[in-house]
Amino acid sequence: MQTPSEELVTGDQTSDLLWQEALMQGYVERAKLLYVEHVALEARDEAILAYLRELSNLQSYLRAKKWRQALELLESLEASLPLDMDVKRELAELAQSSSFLDRNQPEEALEILEKLKSPLLLAEILTQKGTAQILLAENDAAEASFDEALDYDPKHYRALTNRANLWLEQSQIPQAIQGYEAALNVKDNFANALHNLAIAYRKQGQINKSVQLLRKAQRAMRQQDSEEAKGRLVQNGHKRLGLKPQYFVYSLLAILLLLWLRSRGII
C-alpha cells in the first residue's frame, strides 16, 4: 500500500488527481471532500482518509492559533508530507508573525508573512495579512485578503469575523450580522464575533438581543482567557518560577494590549 506522500506524487487516475491537485494548491477541506465524492467506496484507502482528516485538524489548530498542537501534528505527519512543503519552519514563522500582530506591530508581521508560501498554511497566512492591513488602515486590501483566505478555508472563523468587522465599520450592518453569524456557525463561543454581533444589533435598535450577546461574549472571553492562561502555564512550566519582577510587568502590558486589540475588533 502506498503512503499518502507516494499517492500524492504517483497517482495517475482522474479521481486521484482531483483531490491531490486541490491539496497541493492549499484547499485542504476541498481535497477531503473530493476524495470522498470521487473515489469509489471500494477503492478508498483508509490511510489516505486518515491523512486528510489530520490535515483538516491542522486547519482547526491554525484557526485557533494553537501553534504547539499544530507543530505536534505536523511532526506526526512529517513522513507523509510532500517533500517541497517546508511547513514546520513556516509554521514557526507564522506563530512569530501572530505575536507581532498581538503587539500591534503590523509591519514586522507583514515582513514575515510575505515570505510564507506553504499551501497548508495559506488560509492562516492570508488571515494574518488581512489583520495587519487593518492595523495599517488598508481596509480594501484587508477585505481582499480575508476573501482569499476564506476561499482556501471557508471555516476560518477569524477571517469571517474580521471581514464582518470591516463591514460593521462601513455601516453595512445586515452584511456584518451575516458575517458574524457565519463565524459563530463554525465556533459558537467565539468571543470577538459575539461581542461585535452585539454591537451590530445595538446599531439596529435590537437592545435586548444586544445585551444577551454581550453577556455571552463576556462568558466566552473569560473562558478563553482562562484557557490561554492554562496553556501558557503548561508551556512555560518551571521557567515561571525564575521570572524577574519586570517580566511580570511586561506580561501584564502584553495582556492589556491584547484586550485592547480585541475590543477594537482586531484579532
Side-chain angles (χ1 to χ4, degrees), residues 26 58-72 74 85-153 156-166 169 183 190-193 196 221 224-225 227-229 231-232 235-236 239-240 243-244 246-267:
L58 174 65
Q59 300 304 304
S60 297
Y61 290 142
L62 294 174
R63 296 176 203 134
K65 297 195 287 189
K66 294 183 176 180
W67 312 117
R68 179 177 55 82
Q69 292 93 324
L71 177 60
E72 290 172 355
L74 281 176
M85 290 187 183
D86 192 5
V87 192
K88 284 175 60 179
R89 177 186 59 79
E90 291 203 2
L91 176 64
E93 294 180 3
L94 197 54
Q96 184 180 4
S97 64
S98 178
S99 70
F100 278 129
L101 291 174
D102 288 343
R103 297 196 297 271
N104 198 17
Q105 296 176 274
E107 294 92 348
E108 291 83 348
L110 282 173
E111 185 177 352
I112 294 173
L113 293 167
E114 295 294 346
K115 301 174 184 177
L116 305 183
K117 307 295 180 185
S118 171
L120 295 180
L121 307 178
L122 277 175
E124 177 61 22
I125 292 167
L126 288 160
T127 297
Q128 289 193 26
K129 184 177 180 181
T131 305
Q133 289 162 333
I134 288 179
L135 292 170
L136 294 169
E138 299 172 358
N139 289 353
D140 290 343
E143 185 169 349
S145 293
F146 295 135
D147 286 343
E148 192 175 356
L150 291 165
D151 187 39
Y152 286 105
D153 181 8
H156 203 304
Y157 53 85
R158 284 176 25 244
L160 286 164
T161 300
N162 279 338
R163 186 175 65 174
N165 291 343
L166 291 171
E169 286 186 11
F190 186 43
N192 189 274
N196 290 348
M221 182 66 74
Q224 182 177 320
D225 289 343
E227 290 174 354
E228 289 177 358
R232 286 192 293 271
Q235 187 173 4
N236 294 332
K239 293 181 181 179
R240 293 180 62 87
L243 282 177
K244 296 181 180 179
Q246 62 265 34
Y247 291 133
F248 288 104
V249 177
Y250 298 153
S251 298
L252 178 59
L253 289 174
I255 292 169
L256 290 173
L257 176 59
L258 181 59
L259 292 174
W260 177 81
L261 289 172
R262 285 174 177 169
S263 72
R264 292 284 305 277
I266 300 168
I267 54 175

[atom1]/[X] to [atom2]/[Y] distance, rounded to the nearest 0.5 angstrom?
X	Y	atom1	atom2	result
W67	L94	CH2	CG	4.0 Å
N162	N192	CG	CG	6.5 Å
L101	E108	CG	CD	9.5 Å
L150	T127	CG	OG1	6.5 Å

Least distance between heavy atoms, [X] atom then [Y] atom:
X	Y	result
E93	I112	O-CG2, 3.4 Å
Q133	A141	OE1-O, 3.1 Å
S97	L113	OG-CD2, 3.5 Å
G130	A142	O-CB, 3.4 Å
L120	L62	O-CD1, 3.8 Å
I125	S118	CD1-O, 4.3 Å

Take atom CD in E72; do more than 12 heavy atoms of anything else shown fall under 6.0 Å from it?
yes
Within the structure provided, determine whether [X] and [Y] are in side-chain contact (heavy-atom separation under 4.5 Å).
X	Y	value
L121	L116	no
F100	L110	no
E143	R163	yes
E148	K129	no
L136	E107	yes

Under the criterion side-chain contact (heavy atoms from CB on, under 4.5 Å), which of T131, L126, L160 is the partner of F146?
T131
Which residue in the set R63, Q59, H156 passes side-chain hydrogen bond (donor to acceptor under 3.5 Å, both in side chains) when paired with E124?
H156
Please step through side-chain contact (heavy atoms from CB on, under 4.5 Å) for the pair N165 and I134, ending with a clear verdict.
CA-CA 10 Å; N165 291 343; I134 288 179; 5.6 Å; no
Check for a donor-acceptor pair, side chain of Q128 on one end and backbone N or O of S98 on the other, with a separation under 3.5 Å.
yes
Do the charged groups of K115 and E90 touch, with an N to O distance under 4.0 Å?
no
